[in-house]
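Below is one structure. I have some questions about it.
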Number of protein chains: 2
Amino acid sequence: MSKKNIPRPTESELEILQVLWQHGPSTVRLVNDELSKRRDVGYTTTLKLLQLMHEKGIVARDDSSRTHVYRPALREQETQGQLIDRLLEAAFGGSALKLVQQALGNRHTTREELDQIRDLLDNIDPQAKPSATDTPDELA
Amino acid sequence: MSKKNIPRPTESELEILQVLWQHGPSTVRLVNDELSKRRDVGYTTTLKLLQLMHEKGIVARDDSSRTHVYRPALREQETQGQLIDRLLEAAFGGSALKLVQQALGNRHTTREELDQIRDLLDNIDPQAKPSATDTPDELA
DNA sequence: GGTGGCTAACGAAATATTTCGTAGCAAAAA
DNA sequence: TTTTTGCTACGAAATATTTCGTTAGCCACC
């Protein structure tokens, strides 16, 4: 029993998850206020969504007091990872390279961010030299 | 009139688009055969999907002969770019950096791919040295 | 010139997603 | 205590997505 029921948040659900990830445990009111900053959405719509997410196990809730408090039941990184996997399969034929190229290519990215990615690359593969000769794969 | 009706392919539609991008103009039969390699899907299901995609303008078709031939009406790169934008907004709060970190971090990527990404980075920002001092932004 | 094999066109069901209105209850305010 | 306010639960509509069955036409072949 490693990974079975992988919840697949919908777009609306992700919107809410982001609020919860960012603000921590929140009431319906708070979540709705946040969503309302971006678009027009009714209170009961947000409530219903949170209730459905609760049923699906996407969020947990504390209903000990009259005003319930919801919190994410999915970890941000893990969820993001799954979403990338989905997109990778759905649109990039599984090639992470293409995805990254696309993400960096057609987009305005600051030099600072580019540097951070370079650091990341170096951490993933400390052997490889940035741009010049490759280290031989086999050790004699 | 720059960008208005941006078609948003569903997951099934993307599956089909990938086949078309990969194989070029194709008959329903061919598309369905490809899809069938991966999962169980009826011929008329694929047909219907292609017809709907045609209505939506996601694919174009040549129906001059009895057996229609479909081809993508969306460019692969452009579509992939939009999908990344979507995901960026939906799950990463707009941070391309986080997305790339996630894409590269929790995944098995070959050294070759990592090197290609390094090249990409150098191309995007030819000024920056891989890790050392930054070039001053302003010219005196 | 009838039959079998393909193909497109519909119509429709099953499911998933999004959005609210209404009702009932509890707590706070008047 | 009455009124007002705020919250949850529930039901249901509107829409979008996925999946097929059925029907009818075309073509090649026997």
Side-chain angles (χ1 to χ4, degrees), chain A residues 5-19 25-71 74 83 86-87 89-91, chain B residues 5-20 25-71 74 79 83 86-87 89-91:
Chain A
N5 346 0
I6 42 172
R8 312 215 321 176
T10 67
E11 204 147 324
S12 301
E13 290 170 346
L14 269 179
E15 213 182 350
I16 288 182
L17 274 178
Q18 281 201 90
V19 172
S26 311
T27 61
V28 178
R29 176 65 57 195
L30 190 149
V31 172
N32 185 248
D33 285 351
E34 284 302 311
L35 297 189
S36 297
K37 288 179 183 172
R38 308 184 132 278
R39 62 196 183 82
D40 209 9
V41 56
Y43 177 89
T44 55
T45 301
T46 304
L47 170 64
K48 182 64 158 189
L49 227 13
L50 278 165
Q51 287 171 340
L52 290 173
M53 291 168 78
H54 178 235
E55 280 178 21
K56 292 190 195 174
I58 294 178
V59 299
R61 84 174 166 195
D62 174 350
D63 51 6
S64 59
S65 64
R66 198 168 86 83
T67 302
H68 300 177
V69 176
Y70 291 85
R71 65 180 185 281
L74 303 181
L83 289 169
R86 253 211 255 174
L87 184 61
E89 279 308 304
Chain B
N5 345 359
I6 41 170
R8 313 215 320 174
T10 66
E11 204 148 322
S12 301
E13 289 170 347
L14 270 179
E15 213 182 349
I16 287 181
L17 274 178
Q18 281 201 89
V19 172
L20 295 182
S26 311
T27 62
V28 177
R29 176 64 57 194
L30 190 148
V31 172
N32 185 248
D33 285 351
E34 284 302 312
L35 297 188
S36 297
K37 289 179 184 173
R38 308 183 132 280
R39 62 196 183 81
D40 208 10
V41 56
Y43 175 89
T44 54
T45 301
T46 304
L47 170 64
K48 183 64 159 189
L49 227 13
L50 277 165
Q51 287 172 339
L52 290 174
M53 291 169 78
H54 179 234
E55 280 179 21
K56 292 190 195 175
I58 295 178
V59 299
R61 84 176 166 194
D62 174 350
D63 52 6
S64 59
S65 65
R66 197 169 85 84
T67 302
H68 301 176
V69 176
Y70 291 85
R71 65 180 184 281
L74 303 181
T79 304
L83 289 168
R86 253 212 257 174
L87 184 60
E89 279 308 305

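Note that the structure is predicted; figures quoted are calculated from it, not measured. Letters go in sequence order (proteins before strands), and every chain restarts at 1.
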Using atom CG of B:Asn32 as one end and atom P of C:dA8 as the other, report the distance to the nearest whole Å. 11 Å
Between P of D:dG6 and CG of A:Asp63, the distance in whole Å: 22 Å
A:Thr44 side chain to A:Leu47 backbone, donor-acceptor under 3.5 Å: no
Picking from C:dA9, C:dC6, D:dT8, the nucleotide nearest the side-chain atoms of B:Arg29 would be C:dC6
At under 4.0 Å between heavy atoms, which parts of nucleotides 12-21 of chain D does protein reach? Answer with one letter per nucleotide, 5' to 3': B base, S sugar-phosphate only, - none. B----SBBBB
Measure across A:Ile16 and A:Leu49 and return the closest heavy-atom pair with its distance rounded to 0.1 Å. CD1-CB, 3.8 Å
The criterion is side chain to side chain donor-acceptor pair (under 3.5 Å); which residues satisfy it with B:Gln18, sequence neighbours excluded? none
If I take atom CG in residue A:Leu47 and atom C1' in nucleotide C:dG24, what distance separates them, rounded to the nearest angstrom? 14 Å
Quick check: closest heavy atoms across B:Ile58 and B:Pro9, and the distance to 0.1 Å? CD1-CA, 4.3 Å
Full working for salt bridge (Lys or Arg N to Asp or Glu O under 4.0 Å) between A:Glu13 and A:Lys56: CA-CA 11 Å; A:Glu13 290 170 346; A:Lys56 292 190 195 174; 2.8 Å; yes
Quick one: CG on A:Leu83 to CG on A:Leu14, what's the gap to the nearest 0.5 Å? 5.5 Å
Check this for me, if you would: do B:Glu15 and B:Arg39 make a salt bridge, where the nitrogen-to-carboxylate-oxygen distance has to be below 4.0 angstrom? yes
Tabulate protein N/O versus nucleotide N/O from nucleotides 26-30 of chain C, keeping only pairs under 3.5 Å, one per line.
none

With a 4.0 Å cutoff (strictly under), does any side-chain N or O of B:Gln51 reach OP1 or OP2 of C:dA9? yes
So what does B:Tyr43 touch, heavy atoms closer than 4.0 Å: a base, only the sugar-phosphate, or nothing? sugar-phosphate
Side chains of A:His68 and A:His54, heavy atoms from C-beta outward: is any pair under 4.5 Å? no
